[in-house]
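All values reported here derive from a predicted model rather than from experimental measurement. Any value given below was found using the heavy atoms of this structure, including those in side chains, with hydrogens, waters and symmetry copies removed. Throughout, a chain's letter reflects where its sequence line sits, starting with A, and its residues are numbered from 1.
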2 protein chains.
Amino acid sequence: MNSFKEENYLKAIYQLGVIDKENVVGATDLANWLALKPPTVLEKLNSLVTKGLINYNKTDGAILTKKGYEIAINIVRRHRIWETYLYRQLNFSWSEVHEIAEQLEHVNSDKLIDKIYSILGNPEFDPHGDPIPNKRGVLPKSDRRPLSRSVKGCKCVVLGVSHDNEAFLNYLSDLKIALNDKLTVEQIISYDESIRLLNQKKESIIISAKAAEQLLVACLKPNCECKTAN
Amino acid sequence: MNSFKEENYLKAIYQLGVIDKENVVGATDLANWLALKPPTVLEKLNSLVTKGLINYNKTDGAILTKKGYEIAINIVRRHRIWETYLYRQLNFSWSEVHEIAEQLEHVNSDKLIDKIYSILGNPEFDPHGDPIPNKRGVLPKSDRRPLSRSVKGCKCVVLGVSHDNEAFLNYLSDLKIALNDKLTVEQIISYDESIRLLNQKKESIIISAKAAEQLLVACLKPNCECKTAN
DNA sequence: TTTTATTATTAGGATACCCTAACAATTTGT
DNA sequence: ACAAATTGTTAGGGTATCCTAATAATAAAA
């Protein structure tokens with residue numbers, strides 16, 4: 001909890017690095033992201049360099065070292081696990097979970113995180129569909145993603161569910177959705193974010209937004225728009 | 001989460017005030033309690049005075065104002081609710097809960113606390129038998145206490161349970177313990193902290209440590225040692 | 001290519017927290 | 001009552017964060 005600030009810097013560097021894959025993470029970007037001024041950020045960046053948590057220079061910007069990455073990915077992990085816990089176990093809405101998780105992610109207890117992660121059934125994605133790194137900091141394979149992150153027209157294959165849950169598996173079998181089924185997204189109903197699908201027998205299936213978050217798929221078309229849309 | 005330090009000072013002033021009812025809460029006491037040096041504490045005390053959260057002078061020491069008390073009791077409330085949640089819902093042991101609750105108590109979300117408090121069934125005491133202030137900061141009536149806080153020989157009357165829980169009520173009826181029963185503590189079994197009681201019919205009852213925490217009683221003897229022992 | 005706009009960086013200052021050293025004020029014990 | 005021990009306070013520093021203002025370095029645009 002003392003490393004609050006430091007953790008937030010490392011997380012920000014990680015996040016900006018992911019968003020801006022080609023671009024460098026500069027001091028000004030970070031300052032805007034963290035609602036601080038460039039000199040403040042620069043000062044901290046220098047101290048992070050001294051601690052061996054990042055490398056920094058004008059041309060490449062800030063890049064996490066192995067040590068810095070491990071801290072950053074762990075904060076991301078905690079954040080996404082708490083978001084999932086708040087959403088699924090404590091009935092918070094999507095819009096509420098982020099702010100509370102911003103605080104909870106800094107609570108330093110591996111045992112606590114392990115416990116709630118296990119209660120949730122070791123999910124691979126949080127309620128927003130973002131991947132949850134495992135304990136070793138490894139993200140679930142990236143072309144595997146929740147169905148909820150689809151665009152209209154996408155043809156995809158069912159690869160699994162985001163976490164263990166018998167009720168959900170029963171729901172799927174009621175909808176006649178099984179592993180390796182190939183589905184086409186016919187319509188995304190904006191009212192409640194539910195999705196209308198077509199299965200291989202050309203049958204129409206409507207799946208709820210909640211279920212779509214838990215159902216993991218992969219696009220079948222090589223250049224599917226889903227990849228660029230998310 | 002920014003008021004981390006401030007919250008800890010106010011909590012400490014509250015706690016030392018409770019422990020040392022007749023004595024003043026001096027700068028040195030606080031420094032020892034918080035593992036800081038007196039000048040550091042004094043500096044902060046002055047700032048708390050400026051903010052109107054405490055009154056302070058050499059002879060009376062630090063005394064919380066209404067505003068300061070409200071913050072302090074709220075932190076105590078959060079701490080005890082989290083301890084209870086960690087113990088009961090996440091299966092942490094007594095010895096583990098305190099340290100984690102020290103961090104969680106500073107997470108600022110009334111909705112989160114309300115939620116877990118309600119999931120727990122609005123308990124009046126935490127796993128250590130400490131009273132949980134209600135939302136308005138009022139502590140449960142103090143002569144009502146968990147049976148677990150008894151000394152050998154104590155004669156007491158059953159007043160209720162610390163929180164709603166059907167399984168527990170069934171357990172009590174199995175043991176033939178009912179509201180307003182008068183019980184005598186015959187023995188506290190040090191091995192597992194379970195308690196051997198005698199009811200009015202001179203029947204011997206053994207109650208587990210866990211149940212003893214949830215069963216609320218009041219001493220019948222005016223000068224019962226329970227009061228001074230806790 | 002030169003002017004303009006955008007970063008990066010340095011200088012200097014403010015506040016929050018913590019500390020040691022030195023001294024003042026109070027108790028305490030005898 | 002008076003020396004000894006225990007607080008309370010002031011003075012003076014140190015580090016971490018954060019800021020504004022000014023300057024250097026770069027990139028973008030005309």
Assign the ring pair A/Y85 / B/Y85 to parallel, tilted or perpendicular, where the plane angle (0 to 90°) is split at 30° and 60°. perpendicular

Using heavy atoms to find the nearest nucleotide of DNA chain D for B/P39 and B/N32 separately, return the residue whose nucleotide is more 5′. B/N32

For B/T40, answer base if it contacts any base atom (sugar-phosphate contacts may also be present), sugar-phosphate if it contacts only those atoms, and nothing otherwise; contact means non-hydrogen atoms under 4.0 Å. base

When you get a sec, tell me which of C/dC17, C/dT9, D/dT10 is the closest nucleotide to the side chain of B/L42? D/dT10

Is B/Y9 close enough to C/dA16 that one of its side-chain N or O atoms is under 4.0 Å from OP1 or OP2 there? no

Touch class at under 4.0 angstrom, heavy-atom based, for B/L36 against every strand present: sugar-phosphate

Residue pair A/E43/A/G61 against DNA chain C: nearer the 5' end by closest nucleotide is A/G61

Whole-Å distance, A/D60 CG to C/dT7 C1', equals 15 Å

C/dA24, OP1 or OP2 - any side-chain N/O from B/K58 closer than 4.0 Å? no

Whole-Å distance separating the NZ atom of B/K37 from the P atom of D/dT9: 18 Å

Which whole-number value in Å describes the distance from A/K44 NZ to D/dC19 C1'? 17 Å

If you look at every heavy atom in A/V41 and A/L36, which pair is closest and at what distance? CG2-CB, 4.1 Å

Side chains of A/T40 and A/E43: any donor to acceptor distance under 3.5 Å? no

Under 4.0 Å between a Lys/Arg side-chain N and an Asp/Glu carboxylate O for A/E7 and A/K11? no

So, OP1 or OP2 of C/dA8: does either fall under 4.0 Å of a side-chain N or O from A/T28? yes

